[in-house]
There are 2 protein chains.
Amino acid sequence: MSDVARVAGVSVMTVSNVVNGRPRVSAETRLRVLEVVADLGYEVNLTAKRLRAGRTGTVALVVPRFDHPYFGELAGRFATLLGEKGLHLAVEQSGASREGELSAVSHARLHMYDGVILSVVGLHYDDVDRLRTDLPIVLLGEQVVPERFDHVMMANVEGARLATAHLLERGSRRVAMAGGTPSGPSTGASELRSEGWRAAHRDAGLEPPEDLLVPMPDLEAATAHRVVAEALARARERGALPDAVFAVTDQVSLGVRAALHDAGLRVPQDVRLIGFDDLGLVQHVPPGLSSVDPHNGWIVERATDLLLSRIAGSTEPPQHLVAPASIAARASTA
Amino acid sequence: MSDVARVAGVSVMTVSNVVNGRPRVSAETRLRVLEVVADLGYEVNLTAKRLRAGRTGTVALVVPRFDHPYFGELAGRFATLLGEKGLHLAVEQSGASREGELSAVSHARLHMYDGVILSVVGLHYDDVDRLRTDLPIVLLGEQVVPERFDHVMMANVEGARLATAHLLERGSRRVAMAGGTPSGPSTGASELRSEGWRAAHRDAGLEPPEDLLVPMPDLEAATAHRVVAEALARARERGALPDAVFAVTDQVSLGVRAALHDAGLRVPQDVRLIGFDDLGLVQHVPPGLSSVDPHNGWIVERATDLLLSRIAGSTEPPQHLVAPASIAARASTA
DNA sequence: ATGAAAGCGCTAACAT
DNA sequence: ATGTTAGCGCTTTCAT
């Protein structure tokens, strides 16, 4: 910038004014400066600008993994919405581990950003509680989190209840839950959604068939494929196949679909199937997979609003929002 | 930092030395400073550190869209590898448009990063040629790009040739190409892969059946689903159904799979199907979709090596690398 | 309409 | 082992 100033015969301040389109610069000075800028190929140094401004114009989204379609869809929505508000999105990966997430939210790292949207999969309550809050943070995800943070989550119980009721209404009577968890403290998506599965059974006057919960070590499609294949083999031996499956996520639903195919079971004729997340791709997986629509658009809008108002200095009490949920019915539950 | 220095009764330089773990600080001074740091909750300001250092420790990956599984998988691999090298990855979305990509690679934006890996979908040769090169940039993608850039691409022609040959070897004789392009300048993935499809036919002594190319306005699964459904309906009227489909990408393959299902055609009994990219999810889409494995691991390693050596100041002539390709054979081509 | 001075938080280089 | 000086590139404030 000082080079430009020297060559153009003006002060750096005038260059700054021209480059930033501020008024009070004569047309001819502006022109001359612009010429020199082009000649010298000058470009602002954002790092310096930010040091001075004390803000970065960039928001971070920290997700457990880049390679899960759910987070890809989420990131796309955030990028679009933030772009409209003149902010930039950088996506970081926390690695789905406590360590990764803790390091991803270390203030050292995050001071690069004006605010952070953090998907808290893998962080425990105490870890979140330990986070300093002098940086605007909005939490996403199905964990229970400390009161003092803004938090937007899905309607886990209600969505699962809707999905299970959807199956029961269509006449299914042995509704398995892939990725379900035996009763326990309600601390994550799997637990909450299992509660919804139980609630739907009770609403229908049925005892929740706990033997049809199929727990999994993780919620990858490959894991679901393997675990459900084994569960189906055992159920078949006992002559006790399910007639429907509620999968805790669409990734799991995909694995279940594959396992059912391998077992020679037709969807929906032999077994109905519904997932959770409504990933764009599940409508293209034969025969078209039903899913719980978690209203990601709503989640992204609310999270963005909360973050922006915190960045603007809002000291409102922290909010804890739950998105609506609805059923995207497709052929797999027809 | 100066607050810490004052309270601890030392100079800011000593604080800097302690905080950065540099030697030549007495144990007791170090201890005292660390205590004050904890008391005051001091954290380094990375922006200032970077302004001073002139480098950011962060590399950007610019992808067309966050919500395409291929880029999610790619980003995950880059993040892991760069993490091992002590660098941080931020992913940016260009929006798959010329404008988006140009703004994403504007120097103003990119000066935040030590280097950039840019996926050039949507950029024309001239646009790329206009990029300044005082920042290390490695190009990814199937476009033809100016010589002066490092570039890593897939084996498009060879991969498509392998896929098509794989189908022909298994006895298919009417191999359609979903997302194929009638002969023309070889400027993108679709064109190059169509060339491979032609080459395999010629290798087998067959005339490429140009009427079995099914062009598409974009390569979304939904588009493929619709376009292929229409093409199948027309083909059926003429009694000229294909007995195999090579899909230009796995996203397209997914759409083709759905269209085949809707048309009552079985995979692989009535129609064999193979895609390109080997996304993790296609092995779980019934009956398990074959695909061309583009060796993403190789691509990511090479691109990272190139970028890091440029960042380190290498002035080697620019490299243009082509990854190996192989067939991941699954039930859809059995 | 333009400019000079000061300083954002940090560290390399050079004292002591 | 510790401190002083200078400056990274920019903008805010206060002249002129």
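In what follows, every chain begins at residue 1, and chains take the letters A, B, ... in the order their sequences are listed. Scope of the values below: all heavy atoms of this structure, side chains included, with no hydrogens, waters or symmetry mates.
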Grab the [atom1]-[atom2] distance between [X] and [N] for me, whole Å please.
{"X": "N45(B)", "N": "dG9(C)", "atom1": "CG", "atom2": "P", "value": "7 Å"}
{"X": "L46(B)", "N": "dC10(C)", "atom1": "CG", "atom2": "C1'", "value": "11 Å"}
{"X": "M1(A)", "N": "dG3(C)", "atom1": "CE", "atom2": "P", "value": "13 Å"}
{"X": "E43(B)", "N": "dC10(C)", "atom1": "CD", "atom2": "C1'", "value": "15 Å"}
{"X": "R55(B)", "N": "dC10(C)", "atom1": "CZ", "atom2": "C1'", "value": "16 Å"}

Under 3.5 Å donor-acceptor pairs involving side-chain atoms of residues 32-39 of chain B, not counting sequence neighbours:
from   : atom 1 : to    : atom 2 : distance (Å)
R32(B) : NH1    : A8(B) : O      : 2.4

For this session: Scan T29(A) against the nucleic acid and name what it touches under 4.0 Å (heavy atoms): base, sugar-phosphate only, or nothing.
Result: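 Sugar-phosphate contact only.
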Exercise. Looking across every strand, which nucleic acid part, if any, lies under 4.0 Å from N20(A) by heavy atom: base, sugar-phosphate, or nothing?
Worked result: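 The residue N20(A) makes sugar-phosphate contact but no base contact.
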For this session: Supply the atom-to-atom distance T47(B) OG1 to L51(B) CG, rounded to the nearest 0.5 angstrom.
Result: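 Result: 9.0 Å between the selected atoms.
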For this session: Could you grab the distance from atom OG of S119(A) to atom CD of E142(A), nearest 0.5 Å is fine?
Result: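 Taking OG in S119(A) and CD in E142(A), the distance rounds to 8.0 Å.
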Exercise. Is the distance from OP1 or OP2 of dT11(C) to the nearest side-chain N or O of K49(B) less than 4.0 Å?
Worked result: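 For K49(B), the contact criterion (side-chain N or O under 4.0 Å from OP1 or OP2 of dT11(C)) is met.
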Problem set entry | Presence of S26(A) side-chain N/O under 4.0 Å of dT2(C) phosphate oxygens OP1/OP2 |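 It does, given that an N or O in the side chain of S26(A) lies less than 4.0 Å from OP1 or OP2 of dT2(C).
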Problem set entry | Close approaches to DNA chain D from residues 4-15 of chain A, in residue order (heavy atom, under 4.0 Å) |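 Those residues whose heavy atoms fall under 4.0 Å from DNA chain D, taken from residues 4-15 of chain A in numerical order, are M13(A).
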Problem set entry | D114(A)/R50(A) under side-chain contact (heavy atoms from CB on, under 4.5 Å): CA gap, chis, key distance, verdict | CA-CA 10 Å; D114(A) 291 345; R50(A) 284 164 180 200; over 6 Å; no
Exercise. Is there side-chain contact between Y42(A) and V19(A), with at least one heavy-atom pair below 4.5 Å?
Worked result: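 Yes, close enough: below the 4.5 Å cut-off.
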For this session: Flag the pair D67(B) and R77(A) as a salt bridge only when some basic side-chain nitrogen lies within less than 4.0 angstrom of an acidic carboxylate oxygen.
Result: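 Between R77(A) and D67(B) there is no salt bridge, as every charged N stays at least 4.0 Å from the carboxylate O atoms.
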Exercise. Which pair of non-hydrogen atoms, one from M154(B) and one from N296(B), has the smallest distance, and what is that distance?
Worked result: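 Closest approach of M154(B) to N296(B), heavy atoms only: CE-OD1, 4.4 Å.
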For this session: Grab the two heavy atoms, one from V59(A) and one from Y113(A), that are nearest each other, plus how far apart they are.
Result: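 Smallest interatomic distance, heavy atoms only, reads C-CD2, 4.1 Å.
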Exercise. Among I137(A), L140(A), L139(A), L306(A), which residue meets the side chain to side chain contact (heavy atoms under 4.5 Å, CB included) test with H151(A)?
Worked result: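 The side chain to side chain contact (heavy atoms under 4.5 Å, CB included) with H151(A) is passed solely by L139(A) among I137(A), L140(A), L139(A), L306(A).
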Exercise. Of N17(B) and L51(A), whose nearest nucleotide on DNA chain D comes first from the 5' end?
Worked result: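 Whichever sits nearer the 5' end wins; that is N17(B).
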Exercise. Can you pull the contact range of chain A along DNA chain D, 5' to 3', using atoms under 4.0 angstrom from its heavy atoms?
Worked result: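 In short, chain A contacts DNA chain D from dG9(D) to dT12(D).
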